[in-house]
Amino acid sequence: MKTRNLGRAVAIAALVGAVAAMVGCMAGTGGRGAASGSAAQKVYVKPGEHDAYYGFLSGGHHGNIYVYGFPSCRHITTIPVFTPEPAVGYGYDEESKEMLGGRTWGDAHHPGMSETNGDYDGRWLFINDMVGARIARIDLKDFKTKQIFGPIPNLSAAHACPFPTPNTEYVFAASRFAVPVPNRPAKVEDFATEFRGIVAGVKVDPKDGTMSLGFEILMPPFDWDLSDAGKGPSEGWQFFTCYNSEMAHDSLEIKASQNEMDYIAAVDWRAAQKAVDEGRATTIGGAPVLDPEKVPGIVYLFPVPKSPHGVDVNPSGEYVCASGKLQAEVSVYSFAKFKAAVDAKKFDGVVMGIPKLRFDDVIEAKVPVGLGPLHTQFDDKGFAYTSLFLDSQIAKWKVGPPWNVTDKIDVYYSIGHLMASEGDTRHPTGDYVVALDKLSKDRYLNVGPTHPEAAQLIDLRGPKMELLQDFPTYLEPHYAQMIRAEKLKPITVYPLEENTKPGAIKRAEDARIERKGSRVDVYMLAVRTHFTPDVVRVNEGDDVYFHVTNLEQDDDIAHGFGILWSNCNMQVEPGETKTMHWKAEKAGITPFYCSNFCSALHQEMQGLIEVRPKGSPVAAVQRPDPKQVAEIEAAIAQR
Ligand code: RUQ
Ligand code: CUA
């Protein structure tokens, strides 16, 4: 016991010393984590100071996006996307409810930052819902989900998605599971003849990011897995890996691992769009679908060993890297060789109308990285980093002769994706890579059988990779994006003068309750520390729509609006108006209140709904007491 205490005292003394040294060292680093020193110093961001990077981690089957700061590895916020979120009322107010379309989950795998000239431009973040074949757009001006596009017709799940093109002309989706197209009754034994895959090109409006369907291509019934956009010399092409070229419909873990080679499909998206514009598509399920048998020149196949997973184009755009899950190497293809073979029409047969190239005609190098290679990212010094699921390692290798592995680092445990800082762009920064590990096992305090996911920050700046920090995440990041913080300039309030929502009011004297039949519209103002009106009279059976405008223009002063005994709650941010429906089920009194702590008198920010018996006489328009209105106006003027 005594020795243990002594050991502890020594440890504490050492720690105090270390912290003192650290504080000394940190002076002048701007709190963004030191470039040299211990791992602790490198992730230390002084209280009150900001991280150098934003990280956007997909939430997997939690259906949202987690925002982290790096190098501190602090979880900053969660952006709800495909799943309702009661704290902010996402999926509770009318607009977000409509966007979700009644669905309450999604499986979010691959966040994709919008790009200009192949680099992150900080405008939008796209994220797929694999299971629902949908793509969402988050506006990085306010970190809010603005559009959910889909379900994309004919597509059964969208895993190879969204992977934006270098100027965000398109985001893509490809079906993970083959089904009949159009979907109709069929026998699963007829998989090879009746079923099809689909690649979809989803157009992105360059001004506001609005997505719409550009084209679809009928593909063989393989399981389309991952994607990446060509850049530089390969710009204009989109690459997709697949497994199950065996076209098995059961026992896939055995039957889909038989072929020596599966494929990468290379789609010429400009040619595909042109073919649609020329009217060469057939409409299936409302989508313009191109059949490669009838429209040649839009897609080609080349072989990849042993059930590939990730496909990643290097920063210069010269090489396409793919890893067979059951092959201990990364296959590096030369885009120039691919293009030359296509131009020379050097084909090795055709698969359902799609010309196939010879492996030897396109391969540039085979890099022996280790077991279970999945995904590859890049730095600014000509190196690539490949995650090794089976070895639980990251391998660093040289892109270019001698194509050798120069370093390896252990990760804990079973890494899936990895994310380097701006590591899938034309100009990676080469600072960090985050390992997104599938299993955390013993790395954290035991919280029962549902373990957290494990992520690890690794420094790339030295000659050898260095593990800096472990951090748990909630279920379940797949891919992520890391962008330099200075590229994002989010707003902190919604300017009131730009609020043109139909339900918005900006003065207390405009607060009112209007009735048309059994529909009641409440135009309500929320400002510290009052709802106007705070007494609402309705009749039993009424459909009440609360349009709540938060008049604040100060940072971080959001008001909540929650109604007792109901499923109704939302958060209204400074300058924002939100609408929420509430059904007056039962005569009696129903209180409502501000559910988001906003001020010293937050607790007083409440009101009453007087629900009268059905058919009680109520005025067509009710206005709050003029004296109360005058008080509120005076209070607003004083701020
Ligand atoms: S996957 S572990 Cu959904 Cu992107 Cu590769
Ligand atoms: Cu408004 Cu609390």
Side-chain angles (χ1 to χ4, degrees), residues 57-63 87 89 106-112 127-131 157-163 172-174 176-177 223-228 240-243 307-312 322-325 372-377 386-390 392 394 411 413-419 424 434-439 453-455 475-481 524-532 534 548-552 554 556-562 569-574 576 578 592-607 632 635:
L57 280 58
S58 73
H61 44 299
H62 196 193
D107 195 353
H109 283 232
H110 305 116
I127 174 74
N128 65 327
D129 163 25
M130 196 270 284
V131 62
H159 190 258
C161 182
F163 301 102
F172 286 89
R176 171 169 166 193
F177 309 99
D223 293 45
W224 296 96
D225 198 20
L226 274 155
S227 183
D228 198 11
F240 298 88
T241 49
C242 68
Y243 55 96
S307 304
H309 187 54
V311 54
D312 298 282
S323 352
K325 298 185 289 271
L374 292 182
H375 297 281
T376 298
Q377 294 269 289
T386 298
S387 56
L388 305 172
F389 179 81
L390 295 175
S392 277
I394 294 173
V411 293
Y413 302 93
S414 305
I415 181 173
H417 275 274
L418 75 180
M419 156 192 67
D424 57 9
V434 171
L436 297 156
D437 307 320
K438 293 298 180 197
L439 303 176
E453 305 302 322
L475 316 181
E476 181 196 4
H478 290 248
Y479 193 34
Q481 303 269 270
M524 184 180 276
L525 214 59
V527 66
R528 276 164 290 174
T529 311
H530 199 78
F531 290 113
T532 315
D534 59 358
V548 183
T549 300
N550 179 346
L551 210 63
E552 312 281 356
D554 291 340
D556 208 8
I557 306 297
H559 294 292
F561 183 76
N569 180 53
M570 60 183 177
Q571 179 176 279
V572 190
E573 297 182 2
E576 192 183 36
K578 272 185 180 169
F592 62 89
Y593 74 111
C594 174
S595 53
N596 192 71
F597 204 104
C598 55
S599 63
L601 296 178
H602 153 79
Q603 205 70 357
E604 280 80 353
M605 197 165 172
Q606 60 188 53
I632 298 290

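When a ligand or atom number is given, it counts from 1 through the structure's own listing order. One-based numbering along the sequence shown.
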Near atom 1 (Cu) of ligand 2, is there an N/O/S atom from His559 that is less than 2.8 Å away?
-> yes
For atom 1 (Cu) of ligand 2, does an N/O/S atom of Met605 lie at less than 2.8 Å?
-> yes
Which is the closest N/O/S atom of His602 when seen from atom 2 (Cu) of ligand 2?
-> ND1
Looking only at atom types and distance, does a side-chain atom of Ser392 sit under 3.5 Å from a main-chain N or O of Ser414, one as donor and one as acceptor?
-> yes
Basic-acidic side-chain contact under 4.0 Å: Lys578, Glu573 = no
Per side-chain hydrogen bond (donor to acceptor under 3.5 Å, both in side chains), Thr376 is matched among Asp228, Asp312, Thr386 by Thr386
Output the list of atoms in ligand 1 that are nearer than 4.0 Å to some heavy atom of [X], sorted by atom number.
| X | value |
| --- | --- |
| His159 | 1 (S), 3 (Cu), 4 (Cu) |
| His109 | 3 (Cu) |
| Leu226 | 4 (Cu) |
| His309 | 1 (S), 2 (S), 5 (Cu) |
| Gly416 | 2 (S) |
| His110 | 1 (S), 3 (Cu), 4 (Cu) |

Give a yes or no on whether Glu604 atom CD has more than 12 heavy-atom contacts from other residues, nucleotides or ligands under 6.0 Å away.
-> yes
Rounded to 10°, how many degrees is the angle SG/Cys598-atom 1 (Cu) of ligand 2-SG/Cys594?
-> 120°
Answer with yes or no whether the side chains of Asn128 and His159 bring together a donor and an acceptor at under 3.5 Å.
-> no
Do you see a donor-acceptor pair shorter than 3.5 Å between the side chains of Asn550 and Gln571?
-> no
Pair Met419-His375, side chain to side chain contact (heavy atoms under 4.5 Å, CB included): steps then yes or no | CA-CA 9 Å; Met419 156 192 67; His375 297 281; over 6 Å; no
Using the six-membered ring wherever Trp is involved, compare the ring planes of His417 and His110 and label them parallel, tilted or perpendicular (cut-offs 30° and 60°).
-> perpendicular
Does Asn596 bring an N, O or S atom to within less than 2.8 Å of atom 2 (Cu) of ligand 2?
-> yes
